[in-house]
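In this chain, residues are counted from 1 in sequence order.
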Amino acid sequence: MTAKISYADVEVGTELPAQTFRATRATLVQYAGASGDFNPIHWNEKFAKEVGLPDVIAHGMFTMAEAIRVVTDWVGDPGAVVEYGVRFTRPVVVPNDDQGATIEVSGKVAAKLDDDTVRVDLTATSAGQKVLGVSRAVVRLA
């Protein structure tokens with residue numbers, strides 16, 4: 001695969017299509033199985049509350065993975081992501097209902113770099129609060 005977005009067609013300030021991702025308790029159990037992270041704060045409400053959390057929370061790496069989908073869907077090639085990093089600022093609280101939690105993610109090109117790469121800054125929120133801070137990806141474009 002190769003990036004479907006051309007470096008020449010992108011400017012600083014170009015906005016990526018925003019996306020909303022849902023996280024339910026079932027999603028967290030599936031992620032725990034795939035990742036091997038069975039920490040009870042991600043599936044056991046009683047335990048999560050005993051350790052001071054408001055409820056079960058999504059895995060940080062799950063949140064991070066959902067956020068980068070905005071970039072990979074935009075560029076058309078997950079292999080085009082050269083660097084990616086975030087700072088976790090708040091947890092995504094996942095209630096025990098059919099709706100779960102939503103993670104809203106938007107992004108924009110913050111800088112054009114060398115070698116046909118751009119830096120994309122992402123904003124990820126859940127329940128009106130920013131859940132990832134300094135969320136940035138460097139992406140190689142066509």
Side-chain angles (χ1 to χ4, degrees), residues 1-7 9-113 115-142:
M1 293 173 64
T2 59
K4 66 180 183 182
I5 304 294
S6 170
Y7 182 82
D9 294 337
V10 174
E11 298 298 330
V12 170
T14 298
E15 293 189 17
L16 284 60
Q19 294 188 51
T20 299
F21 305 99
R22 184 165 306 284
T24 65
R25 296 283 177 95
T27 308
L28 300 184
V29 170
Q30 292 167 339
Y31 183 83
S35 69
D37 182 352
F38 294 100
N39 187 323
I41 64 173
H42 303 303
W43 58 269
N44 184 316
E45 185 173 332
K46 180 179 180 287
F47 183 85
K49 288 181 176 181
E50 285 175 355
V51 297
L53 295 168
D55 208 331
V56 165
I57 62 170
H59 302 73
M61 297 304 284
F62 171 82
T63 304
M64 187 177 175
E66 293 292 73
I68 196 65
R69 288 176 55 191
V70 167
V71 175
T72 59
D73 288 353
W74 172 69
V75 77
D77 179 8
V81 176
V82 177
E83 294 177 29
Y84 178 46
V86 306
R87 181 174 48 208
F88 301 104
T89 56
R90 285 191 173 81
V92 174
V93 178
V94 182
N96 190 18
D97 60 20
D98 294 335
Q99 299 302 310
T102 56
I103 305 165
E104 297 86 20
V105 183
S106 61
K108 70 177 177 180
V109 175
K112 291 186 82 167
L113 309 170
D115 259 354
D116 294 333
T117 59
V118 296
R119 190 186 87 217
V120 175
D121 290 354
L122 298 167
T123 300
T125 61
S126 183
Q129 296 191 317
K130 197 171 184 181
V131 295
L132 297 178
V134 192
S135 181
R136 295 180 175 163
V138 174
V139 185
R140 185 170 321 282
L141 302 181

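At distances below 3.5 Å, at least one donor-acceptor pair connects side-chain atoms of Asp77 with backbone N or O atoms of Gly79. Panel note: side chain Tyr84, backbone Met64; a donor-acceptor pair is recorded below 3.5 Å.
Two residues are said to be in side-chain contact when any heavy atoms from C-beta on lie closer than 4.5 Å; Gln99 and Arg22 meet this criterion. Looking at Leu122 and Val105, their side chains come closer than 4.5 Å, going by heavy atoms from C-beta outward. Looking at heavy atoms from C-beta onward, Val94 lies in side-chain contact with Leu28 at the 4.5 angstrom threshold. Side-chain contact between Thr27 and Phe62 is present, with at least one heavy-atom pair separated by less than 4.5 Å. Within the 4.5 Å cutoff, no side-chain heavy atoms of Ser126 are placed close to those of Arg90.
Residues passing the side-chain contact (heavy atoms from CB on, under 4.5 Å) test with Val93 are Pro54, Asp55, Ile57, sequence neighbours excluded. Residues forming a side-chain hydrogen bond (donor to acceptor under 3.5 Å, both in side chains) with Asp73 (at least two apart in sequence, or on another chain): Gln19. For Ala110, the side-chain contact (heavy atoms from CB on, under 4.5 Å) partners are Arg119, Asp121, not counting sequence neighbours. A search for side-chain hydrogen bond (donor to acceptor under 3.5 Å, both in side chains) contacts involving Lys112 returns nothing, not counting sequence neighbours. Ile5 pairs by the side-chain contact (heavy atoms from CB on, under 4.5 Å) definition with Val10, Trp74, Leu141, not counting sequence neighbours. Residues meeting the salt bridge (charged side-chain N to carboxylate O under 4.0 Å, His left out) test with Lys49, sequence neighbours left out: Glu45. Residues satisfying the side-chain hydrogen bond (donor to acceptor under 3.5 Å, both in side chains) criterion with Arg69, sequence neighbours excluded, are Glu66. Taking Asp9 as the reference, Ser6 meet the side-chain contact (heavy atoms from CB on, under 4.5 Å) condition, with sequence neighbours excluded. Partners of Phe21 under the ring pair (Phe, Tyr, Trp, His ring centres under 6.0 Å) rule, at least two apart in sequence or in another chain, do not exist in this structure. For the side-chain hydrogen bond (donor to acceptor under 3.5 Å, both in side chains) test, residues two or more places apart in sequence or in another chain that qualify with Thr125 are Glu104.
Within the structure, salt bridge (charged side-chain N to carboxylate O under 4.0 Å, His left out) contacts touching residues 10-19 (residues at least two apart or in different chains) do not occur. Listed by first then second residue, pairs satisfying side-chain hydrogen bond (donor to acceptor under 3.5 Å, both in side chains) with a partner in residues 34-43 number zero, not counting sequence neighbours.
Distance NE2/His59 to CZ/Phe88: 11.5 Å, rounded to 0.5 Å. Here the OG1 atom belonging to Thr14 is positioned 10.5 Å from the NZ atom belonging to Lys108, to the nearest 0.5 angstrom. Taken to the nearest 0.5 Å, the OG1 atom of Thr63 stands 6.5 Å off from the CG atom of Leu132.
Here the closest heavy-atom approach between residue Ile103 and residue Ala124 is recorded as CG2-CB, 4.5 Å. Across all non-hydrogen atoms, the minimal contact from Ile68 to Ala65 is CG2-O, 3.2 Å. Shortest non-hydrogen contact noted between Ala142 and Ala3 is CB-O, 3.4 Å. Across every non-hydrogen atom of Asp98 and Thr24, the tightest pair is O-CG2, 4.2 Å. Looking at every heavy atom in both residues, Thr72 comes nearest to Pro78 through CG2-CA, 3.7 Å.
Shown here is Asp97, whose CG atom has more than 12 heavy atoms of other residues, nucleotides or ligands within 6.0 Å.
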